[in-house]
Amino acid sequence: MSAPPPGDGPGTVAVVPLRGGVSGKSRLAAALDPAARRRLVAALARHVVAVLLASDGVDGVLVVTADVPFAVDTLGLRARGGSARVEVVQQPPDRPGLNAALDVGREAALERGAARLLVAHADLPLLAPDDVVALLAAGAAGDAPAPVVVATDRHLAGTNLLVLPTRPPGDAPFAFRFGEGSRAAHVAEAERAGLRPVVVRRPGTAVDLDTVDDWGELPRAVRDRLRHGLDLPLP
Ligand SMILES: Nc1nc2c(ncn2[C@@H]2O[C@H](COP(=O)(O)OP(=O)(O)OP(=O)(O)O)[C@@H](O)[C@H]2O)c(=O)[nH]1
Ligand SMILES: C=C(OP(=O)(O)O)C(=O)O
């Protein structure tokens, strides 16, 4: 995705934060050894990126990570000689953490002229294109103020995906507040930024893979594929 003339940029760019390699999915250490976790992180990331690319309304995907070689290999970009619609963006070492990764992704999306961001975690095994299309529809600009779609997790406490304008009204940009209690934090942040929060909870967006309990609740066929790093079927 290159920088287009003002106003001609992509409509919606997806930003996928990825903590790859051995540092990802540490909460699954009791269930999976480091090699299996690395395979799982890779298979999950491939699934989420494939779903985003298959979703109408997503014009490009930026994967933001400190581990660029892992992401490039995982997504097969080297083999494919890169991809016009998927780019891996380096997360600088002096900007650590998930929220900083999303700030880096938003800056890259702005450089590409994107009007809207779709933040999507890389650990959503049941995500399907229909879910992405539904979130984009919920985030359609329509009447002012522009909406911020908060796709919450199964516990109605976290945030698995966000849809928001790349440049909200006013000067203070929307602050990413991923972490404990992020659903409520993102709703409050949207209101502070003069945006309209819309909370969504769909089976495909609510299931993220964080803990051993989450692992045990996945369909067995999905667990078996992820354990061996096999791709998940595209719904
Ligand atoms: N680029 C980047 N992505 C991150 C970072 N922390 C988490 N992520 C990604 O953000 C999403 C949510 O991740 P978490 O479940 O909070 O963290 P995790 O590394 O997957 O798992 P834990 O190690 O168990 O916390 C996943 O897509 C992670 O890969 C980070 O510091 N930088
Ligand atoms: C980062 C979040 O949660 P988790 O670490 O459980 O993915 C969140 O919901 O903001």
Please step through side-chain contact (heavy atoms from CB on, under 4.5 Å) for the pair L136 and T12, ending with a clear verdict. CA-CA 9 Å; L136 295 182; T12 300; 3.9 Å; yes

Please identify each residue that fulfils ring pair (Phe, Tyr, Trp, His ring centres under 6.0 Å) with H121, with sequence neighbours left out.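 Partners of H121 under the ring pair (Phe, Tyr, Trp, His ring centres under 6.0 Å) test: F178.
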
Does R167, at its CZ atom, have more than 12 non-hydrogen atoms belonging to other residues, nucleotides or ligands within less than 6.0 Å?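 For R167, atom CZ is not crowded (no more than 12 foreign heavy atoms under 6.0 Å).
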
Option among L209, V51, V16, L161 that satisfies the side-chain contact (heavy atoms from CB on, under 4.5 Å) test with L124: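 That would be L161.
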
When S55 is tested against each of D130, V132, D131, L118 for side-chain contact (heavy atoms from CB on, under 4.5 Å), which residue passes?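 Result for side-chain contact (heavy atoms from CB on, under 4.5 Å) with S55: V132.
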
Counting only N and O atoms by type, is there a donor-acceptor contact under 3.5 Å from the side chain of [X] to the main-chain atoms of [Y]?
{"X": "D208", "Y": "N160", "value": "no"}
{"X": "D59", "Y": "G11", "value": "yes"}
{"X": "Q91", "Y": "V64", "value": "no"}
{"X": "R223", "Y": "G216", "value": "yes"}

Do the side chains of [X] and [Y] join up, straight or via other hydrophobic residues, at under 4.5 Å, putting them in one cluster?
{"X": "V212", "Y": "L40", "result": "no"}
{"X": "V104", "Y": "L110", "result": "no"}
{"X": "V58", "Y": "L234", "result": "yes"}

Do [X] and [Y] have side chains that get closer than 4.5 Å, going by heavy atoms?
{"X": "L44", "Y": "V48", "answer": "no"}
{"X": "V61", "Y": "V13", "answer": "no"}
{"X": "R38", "Y": "K25", "answer": "no"}
{"X": "V88", "Y": "T65", "answer": "yes"}
{"X": "P129", "Y": "D56", "answer": "no"}

Provide the closest heavy-atom pair for [X] versus [Y] in the form atom of the first, atom of the second, distance.
{"X": "D214", "Y": "H155", "result": "OD1-NE2, 4.3 Å"}
{"X": "V63", "Y": "A71", "result": "CG1-CB, 4.4 Å"}
{"X": "L195", "Y": "P145", "result": "CA-CB, 4.1 Å"}
{"X": "A109", "Y": "L117", "result": "CB-CD2, 3.4 Å"}
{"X": "R183", "Y": "L156", "result": "NE-O, 2.6 Å"}
{"X": "L18", "Y": "A122", "result": "CD1-CB, 3.9 Å"}

How would you list, by chain and number, every residue that makes a side-chain hydrogen bond (donor to acceptor under 3.5 Å, both in side chains) with R46, sequence neighbours excluded?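 Once residues adjacent in sequence are excluded, the partners of R46 under the side-chain hydrogen bond (donor to acceptor under 3.5 Å, both in side chains) criterion are D231.
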
Pairwise distance [atom1]([X]) to [atom2]([Y]) - rounded to 0.5 angstrom:
{"X": "H47", "Y": "L126", "atom1": "NE2", "atom2": "CG", "result": "7.0 Å"}
{"X": "R39", "Y": "R227", "atom1": "CZ", "atom2": "CZ", "result": "9.5 Å"}
{"X": "R27", "Y": "T211", "atom1": "CZ", "atom2": "OG1", "result": "7.5 Å"}
{"X": "R85", "Y": "L52", "atom1": "CZ", "atom2": "CG", "result": "9.5 Å"}
{"X": "L28", "Y": "D210", "atom1": "CG", "atom2": "CG", "result": "7.5 Å"}
{"X": "R106", "Y": "F176", "atom1": "CZ", "atom2": "CZ", "result": "4.0 Å"}

What verdict does the side-chain contact (heavy atoms from CB on, under 4.5 Å) test give for T152 and T159, after you've listed the backbone C-alpha separation in whole Å, the side-chain angles of each residue and the deciding distance to 0.1 Å? CA-CA 4 Å; T152 187; T159 307; 5.9 Å; no

For R116 and V163, run side-chain contact (heavy atoms from CB on, under 4.5 Å): C-alpha distance rounded to whole Å, both residues' side-chain angles, the deciding distance at 0.1 Å, then the answer. CA-CA 7 Å; R116 198 164 55 157; V163 176; 3.8 Å; yes

Does the pair R37/D33 count as a salt bridge with the N-to-O cut at 4.0 Å?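 The answer is no: the pair does not qualify as a salt bridge.
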
Kindly determine whether E87 and R112 satisfy salt bridge (charged side-chain N to carboxylate O under 4.0 Å, His left out), including the steps that lead there. CA-CA 11 Å; E87 289 182 66; R112 289 151 180 80; 2.9 Å; yes

Start with the C-alpha distance between D67 and R19, add both sets of side-chain angles, then the distance that settles salt bridge (charged side-chain N to carboxylate O under 4.0 Å, His left out), and finish with yes or no. CA-CA 7 Å; D67 192 345; R19 180 158 64 179; over 6 Å; no

Applying salt bridge (charged side-chain N to carboxylate O under 4.0 Å, His left out), can you list everything that pairs with R95, at least two apart in sequence or on another chain?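 R95: salt bridge (charged side-chain N to carboxylate O under 4.0 Å, His left out) contacts with E107.
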
Would V150 and L162 satisfy side-chain contact (heavy atoms from CB on, under 4.5 Å), going step by step from the backbone distance to the final call? CA-CA 5 Å; V150 181; L162 283 173; 3.8 Å; yes

